[in-house]
Every structure is written in C-alpha cells, then in structure tokens.
Peer 1: 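Below you will find the structure I want to go over with you.
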Amino acid sequence: MAVVRHGAGAARMLRLRSPGERLALLLPVRALLVLALLGVVLLTVIAVSAANGSYPVPLADVFAVLSGGSASDPQLGLIVREFRLPRTLAAALAGTLLAVSGACLQAVTRNPLADPSLVGVSQGAAVAVLLVLIVLPGLPGGAVPAAAVLGAFAVAAIMYALMGRDGAGTIRFILTGIGVGAFLSGVSSLLLTYGKLEWVMPALVWLAGSVHAAGWGEVAMLAAWTAVVLPVMLAASRGLNALLLGGDVAAGLGLPVRRALVITVAAAVAAGAGAVAAVGTLGFAGLVAPHVARLLVGERQGTLLVASALVGAVLVAAADTVGRLAFAPVQIPAGIITALIGVPYFLLLLWQRRHTL
Amino acid sequence: MTAAAVAPASRKPLGRLGGSALALLVLAVIALAHLGLGARELSPGTLIDALVAYDPAQFEQFIVRELRLPRLLIALTVGAALAVAGALMQGVTLNPLAAPDILGVNLGAATAVVLATFLGVGGPGTLPWLAFGGALVTSVVVYLIGSIGRGGAMPLKLTLAGVAVSAFLGSLISAAHLLNQDGFDRLRVWLAGTLTGRDMEVFATALPYLALGLAVALLIARQITALGLGADVARGLGVRAGRLRLLALASVVLLCGAAVTVTGPIGFIGLVVPHMVRAFVGLDYRWVVPLSAVTGAAVLTAADIVARTVLAPQELATGIVTALVGAPVFVALVRRQVH
C-alpha cells in the first residue's frame, strides 16, 4: 500500500497491490475520505430515523439493536428491529438502486438530465406492477419484481427504437421519455381509477413511493438486487471511463466499450425496476444523487457509482424520515418528498445549462 | 418552426374555407353522436324532438335534455377553451410543444383548487378566481424559468421547465390528498379530468370567463400571426410584443382556469388540436384560433364518447382518454419538430 502522486498537480492516489501485482487498485485519497464521511452520514440518518417516531427510543438502545444486542426495554427493541429499521433500510437501499441507475444512465447517454423516472423506465415498471396488483391479484409475490423488470426493459427497448444510439445525449431524448412516461401514467391512472377499491388503495400508496409497509422481506430483496447490479456496474465502469475520452480513444486502448455500454444500460434498467418493485416510483432521486456525488468525488465512474449509492441512500432515507415525522400521524410518502426536493434541483440544472440548451 | 409549417396556405389540400366547413361538419356529427350514444342508444328522431319540441314526460327526451345535453355543452366549451389556449401559447412562445398541460398551467389551476379545498376556503363562486390565480402564477413562473439565458424562451427550456413545475405541483397535490383523505375520492376523479356528473352551477359561473378569454384570443389573433414572422417584422407592422404577450397570458389564464374549474385538468387537447388545425390553414392565427375552438370542441367531445362507451357500463375519466391518445402525438411532435 502506498500513497503516490500521478503527474504534476494530480490528486493524491492510494495504491493497493496484491502480492505479485496480479491485482492493483489506484484510489483517489480525497474520494475515499468523502466516501467514509458519507458512510458516517448514512449511519447517522439511519440511527436518527430509528430513534424518532410516536415512541421515542434512546439512541443507546438503537445502537444496541444495530450492533446485534438487545435494548433496555424489549418493546422498544421490537419497535426498532421490526418496524423502523427495515423501513429505513428499505428506503436507503431503494435510494441506492435509483441513484446508481441514474448515474449509469447519465454516463451512458451523456445526458445530465437522465433519470429512471424521466426516461420512462420507472413508469414502465410501475404499469407492469399495477397490472399484477390490480388485474391479476392472485399471482404469487415473486410476480411483482418479475413484472417490474419486464416493464422496465420493454420501455428501454421502446426508447431505443424511438431514439437510436445517437439521440440519447439530447434534450429530445428526455422529452421523448417524458412523453412515453405520460402515456404510461395514463395507463396507470386507467388501472387505478377503475380497479376495485380494495386493490387500488394499497397500489396507490405503493405508487406514490412509500416505504411505510416495508419489512425485512423487502430489505432482503433490495439488498440482493443491489448485490447483483452494483458489482456489474463497477466491473463495466472502466469501459465507461475510457468513453469519457471519446469512443476512438477507448477503442485504441483495446477496451470493450460497446459491451460495457450494453451491460451498464441493462444493469441501470434492472436497478430502476428493482427499486420500483419494492417501494414504487420515487421520482428525481436518481437524478439528484449522481449530481451531488459528482460534485463530491468527480467524474471517475467507479468512485462516482459508490458515492452515488451512498448519497442516494442518505437522500431517500432522510426523505422517508422527514415524510414520516413532519406531519405525524399522517405519513407523506418518501417519493413526494424526493420530488419536492428534486424538482427545484432539476430546475437548477436547467438554469446552469441555460446558454447551451 | 419547421419548413412545413411556413409553407404557403394555398398549397394546403383543402384550403381554409374547405377546412372550416369540414371541421364544422365533423363537429355537428360528433355532437349528435355524443347525444345519441350511451347506455341507452337514442334514435335521431328522438334527438331532434328533444332539441326542438321538448316534452319532459318522455323519458328518452328527458335523458337528452337533462343528462346528455349539459355534458355535451361542457365538452364543447372546455374543448374549445383548451385548444384556443394551446394555440395562443404555441403562437406567442413560438414553441410547438407549448400547451396548457405541458407548461403546467392546468395543474397550477388545479393545485390552487386542491389547496383551497384542503384548507377549507372558497365556494363555487370563488373557485374560478382561485384557478385563475394558480394558472397565472404557474404561467409566469414557467415562462421566467424557461426564458432565462441566451436565446430567451427556447422551446426545449420552456417545455422542460413546464414539465418540472408540473411534477412539483403533482407532488404537492398528492401530499395535500394524503393529509386530507375525506375529499379524496371526489377529487381523485376530478383530477384525472372528467366530464361525469359536473356541476352545472360551476359551469355557469365559469362560462362568462371562458367567453371573455375566447374574445380576447380572437382579438389578438392577427397580431400573433405578425409575431410569428419575426420580432422585427412584427414591430414594423405596429405590434407591441410586450402588450401582446400580456393579453395572450390573460386569455390563457382565463381559458385554462375556467376550464379546469369545470372538468379538472384535461391534457393534450391544447397540444394536439392547434397542430391539426395548422396542417389545414397554415400560420394565419385569424383562422387558427377560431378553427382550434371548433376542432378542440369536436376532439374533446369525441374523446368523451370513447370514455363513456369503450368500457360501458364503466366510464373512463375523459382526461385519461386524451392522455392515451395525446401522449404518442407528443412523442411524434418531439421527434419531428425539435432539432
């Protein structure tokens, strides 16, 4: 392990080598510090969320439960373990999936406004899930994530057919996604307005991006999903970094850029679908988190992905906590809070590009 | 604007008079179909009797006069209002994607109404004014955000600003719903945009404002045509662009606010209809504005027929039908008209 400088004025890098240099990693020191800090922030948000609510729980008890022990009062321990913790973790993991999905979509399309809910992917997953929930309520639980993935990939295929490879960087791409999303939202309204009320009410809360019913089952699913897509994205990130230098340079370096692109898009769509399947449509989290992460750690796709994952987790977990506590006992779904935060941010991005659009 | 849009009107297949006649004919047929079709299908003879020699004792004539005719009147008026508002917005902003729903104006009006319901203020008389306020604030905000930076109100910036503001307002509406679930079931259908069971009292309150908005639109139509020729030409023709924009804004706010008060936000009529009309009559807004009114009335009435009959005896919200038809048109417009 050694700290080195690469080139004059370059960032300080941490070099990790396995014996014989079969594997070597070069990591920017500053980014590592930022990532560690984000981890601390995330833990704080989770702890604060677990401690607050209609039954306040002392932080000491929260940490006792978090570290696998038992709380001073078994009832408080139960509240933390069975209700608050799974909910907050589900929010954090959903935020992670949306954020890495957005980061990948932004990198692949070279479009700073890309986000699973702005290019129609989330709505595609949502319509498919609503079909399962409202029209075919008898299907087993595993049908929901499967439907979400099918719906999301169907919309991705439609967008590709509409825009082709060259159109993705343009505003037209986003507007087309918004149009496709509007159509799919029409289908969702159709299903919601005229489905049976007993199926519609839970579906409606789900659709607004609420994690209030999330239990350990959702957490396990989201965690498994993250464990699959994030490594895939990281593995493909080298090809994407090379792409920042231009397609020809990447080809000259002998990197399989095309394969990296396809893998990244597939992983991004799957990540968006997983989040939607578990907690519904959470708008704008996938847009905002990668931008915040980019401000913190820069453009390198690998560190950017990890930072986006953490920022997304913090964002959605915090949004859920605010939505749960601000108007208690009424709960505002996290999706509404993320949209209320995300839209002004979207407008800010628009303002920053006011001369180039 | 595209090359196709500035082609001389004389090369249009039907010409202006032919197009107008066709639009009026289609409107008449659709209006009669709207009265005749439904859970109980009525003969043309019954329709004519109900309209010219009304006998309340006849149940079928009663259906026509008391149930279907009010609904038809609302469809015609709201369709015309939304289409004219869309035509004005497209003409003034020179943005082919401008429309009351795309730029968030409808949702702004709806948000004001929802928040008033949420706070328990306002009655039938004040509802239009709340809607005007919401529509006005949203229009101004979206236009300001959309016109910052070099080049002024570029179509893409304006459209994205509108879409983003709509998303924001949509979230506000959802939050208000969750905090006040009592009014939820009634508002749920209204917010999807519906012509079912509308209150004729509200319609009567809104009607004068709709008429005023339409009148303003017809008065400024000629100057909007001049504006489309470029700022310099327009100034040379004596058009004061700032004043024209304010008048157009007033008309749009009146039309959209009043329309939303009656039926809730109905999308895509204001986007699609002016494009249909311009394909026939070109860019002369003296023709575009009145024909948008006629065609908008026809399109919304047709959408309402579909909404009532396609899943009978269930009824769809009319706004869902217009969204399902209009969103693909929006995508097509983005592909064709934005470069």
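Side chains included, hydrogens not; waters and symmetry mates left out as well; all remaining heavy atoms used. Here is the naming used below: chain letters follow the sequence lines, and residue numbers restart at 1 for every chain.
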Peer 1: Please tabulate, one pair per line, all N/O donor-acceptor pairs under 3.5 Å involving side-chain atoms of residues 100-110 of chain B, not counting sequence neighbours.
Peer 2:
{"unit_1": "B/Asp101", "atom_1": "OD2", "unit_2": "B/Phe268", "atom_2": "N", "d": "2.9"}
{"unit_1": "B/Asn106", "atom_1": "ND2", "unit_2": "B/Ile266", "atom_2": "O", "d": "3.4"}

Peer 1: Examine whether an atom of A/Leu340 lies under 4.5 Å from a heavy atom of chain B, and if so say whether it belongs to the side chain, the backbone or both; otherwise answer neither.
Peer 2: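 Answer is both: backbone and side chain atoms of A/Leu340 are under 4.5 Å from chain B.
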Peer 1: For A/Phe83, does the CZ atom have more than 12 heavy-atom neighbours from other residues, nucleotides or ligands under 6.0 Å away?
Peer 2: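 Result for CZ/A/Phe83: open.
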Peer 1: Under 3.5 Å, side-chain donor or acceptor atoms of residues 119-131 of chain A against the rest of the protein: list the pairs with distances, not counting sequence neighbours.
Peer 2:
{"unit_1": "A/Gln123", "atom_1": "NE2", "unit_2": "A/Ser117", "atom_2": "O", "d": "3.0"}

Peer 1: The criterion is salt bridge (Lys or Arg N to Asp or Glu O under 4.0 Å); which residues satisfy it with A/Asp320, sequence neighbours excluded?
Peer 2: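 Partners of A/Asp320 under the salt bridge (Lys or Arg N to Asp or Glu O under 4.0 Å) test: A/Arg87.
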Peer 1: Taking side chain as everything from C-beta outward and backbone as N, CA, C, O, which of these in B/Ile145 sits under 4.5 Å from a heavy atom of chain A? Side chain, backbone, both or neither.
Peer 2: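 For B/Ile145, the side chain is the part near chain A, not the backbone.
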Peer 1: Going from CG on A/Leu118 to CG on B/Leu160, what distance comes out if it is rounded to the nearest 0.5 angstrom?
Peer 2: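 Here the interatomic distance stands at 8.5 Å.
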Peer 1: Do any of residues 161-170 of chain B have a heavy atom less than 4.5 Å from a heavy atom of chain A, and if so, which, in residue order?
Peer 2: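 Near chain A, by residue number: B/Ala161, B/Val163, B/Ala164, B/Val165, B/Ala167, B/Phe168.
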Peer 1: Taking all heavy atoms of B/Ile320 and all of A/Gly186, pick out the closest pair and write down the distance.
Peer 2: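 That closest heavy-atom pairing would be CG2-O, 3.6 Å.
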Peer 1: What is the minimum heavy-atom distance between B/Ala327 and A/Gly179, and which atoms define it?
Peer 2: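 Looking at all heavy atoms of both residues, the closest pair is CB-O, 3.6 Å.
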